[in-house]
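Numbers here are sequence positions counted from 1. Because only heavy atoms are used, hydrogens play no part in the values below, and waters and symmetry mates are left out as well, while side chains stay in. Here the structure is a predicted model, which means the values were calculated and not measured.
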Amino acid sequence: MNRVDLLNARRWFALAAAIVVADQIVKWVVLRHFAPGEQRVVTDFFNLVLVFNKGAAFSLFAQAPGWQAPVLSAFAIVAAIVVAVFIVRSPRRRLLCSGLALILGGAIGNVIDRLRFGVVVDFLDFHALGWHWPAFNVADSAISIGAVILILEGFIGREKRPGAAS
């Protein structure tokens, strides 16, 4: 890896670290100022609420008997390693690496929660017409935005590659 690639890779890891720090600071603030289940109305469609999620995305597996924290943590750690390898191998692909860095930071933020508490701290609650989106957090937001960026990169990157189908 040359010096430019190394500097580019460091930039993506710095972005991932910034996501982890932001996620953990906001969760710390929420944990200090909210009781479990406490809800504060912000707008007609948005509340802050402290929820502990034992499951994965959108509370998937939340009702399982307790295997979630170690299994989901292990899965996230393996995924983080794979994502880090992709960043190191392609540090000049800005769109790809920005999406991967967001996913990496979000995954690590949620793994920290699972290792500390056995659950993920969620607090953002959007709702409309009596329907609530499952509560989520900064890490989840970063993962979702990163996934959208990767999907876009898949379409945009394909068009730019030589020999891509038109």
To the nearest 0.5 Å, atom NE2 of His127 lies from atom CZ of Phe46 at 9.0 Å
Single-linkage hydrophobic cluster, 4.5 Å side-chain cutoff, Leu7 and Val85 together:
no
Would the distance check show the side chain of Asp125 and the main-chain N or O of Asn47 forming a donor-acceptor pair, the cut-off being under 3.5 Å?
no
Any idea which heavy atoms bring Leu115 and Ser73 closest together, and the distance?
CD2-OG, 4.1 Å
Same cluster or not: are Val21 and Val83 linked, directly or through other Ile, Leu, Val, Met, Phe, Trp or Tyr residues, by side-chain heavy atoms under 4.5 angstrom apart?
no
Side-chain contact test, heavy atoms from C-beta onward, threshold under 4.5 Å: evaluate it for Asp113 versus Val119 and give yes or no.
no
CH2 on Trp28 to NE2 on His33, rounded to 0.5 Å:
7.5 Å
Return the CG to CG distance between Leu100 and Leu95, rounded to the nearest 0.5 Å.
10.0 Å
Hey, does Leu102 have a side-chain heavy atom less than 4.5 Å from the side chain of Ile143?
no
More than 12 non-hydrogen atoms from neighbouring residues, nucleotides or ligands closer than 6.0 Å to CZ on Phe52, yes or no?
yes
When hydrophobic residues are tied together by side-chain contacts of less than 4.5 Å, even through go-betweens, does Val49 share a cluster with Val120?
no
Are the side chains of Ile103 and Leu150 in touch, meaning some heavy atoms are under 4.5 Å apart?
yes
Taking C-beta and beyond as the side chain, do Val121 and Asn137 meet within less than 4.5 Å on heavy atoms?
no
Side-chain touch Phe34/Val51, heavy atoms, less than 4.5 angstrom:
no
Return the minimal non-hydrogen interatomic distance between Ile149 and Ser98, and the atom names on each side.
CG2-OG, 3.7 Å
Heavy-atom check, side chain of Leu124 versus side chain of Trp133, under 4.5 Å:
no
Here the pair of heavy atoms bringing Thr43 nearest to Val41 is O-CG1, 3.5 Å
Does some side-chain heavy atom of Arg116 sit less than 4.5 Å from a side-chain heavy atom of Lys27?
no
Shared hydrophobic cluster for Phe13 and Ile108 (ILVMFWY, side-chain gaps under 4.5 Å):
yes
Rounded to the nearest 0.5 Å, what separation is found between the CG atom of Asp140 and the CG atom of Asp23?
8.0 Å
Non-hydrogen atoms of Ala101 and Leu15 that approach each other most closely
CB-CD2, 3.7 Å
Atom CZ in Arg40, atom CG in Leu48: separation rounded to 0.5 Å?
8.0 Å
Looking only at heavy atoms, which two atoms of Cys97 and Ser90 are closest? And how far apart?
SG-O, 2.9 Å
Is the closest side-chain heavy-atom distance between Leu31 and Phe117 below 4.5 Å?
yes
Shared hydrophobic cluster, Ile81 / Phe75 (ILVMFWY, side-chain heavy atoms < 4.5 Å):
no
Could you tell me which non-hydrogen atom of Ile19 sits nearest to which non-hydrogen atom of Gly106, and how far apart they are?
CG2-N, 3.7 Å
Please check if any side-chain donor atom of Asn53 sits under 3.5 Å from a side-chain acceptor atom of Asn110, or the reverse.
no
Between CG of Leu96 and CH2 of Trp12, what distance do you get to the nearest 0.5 Å?
9.0 Å
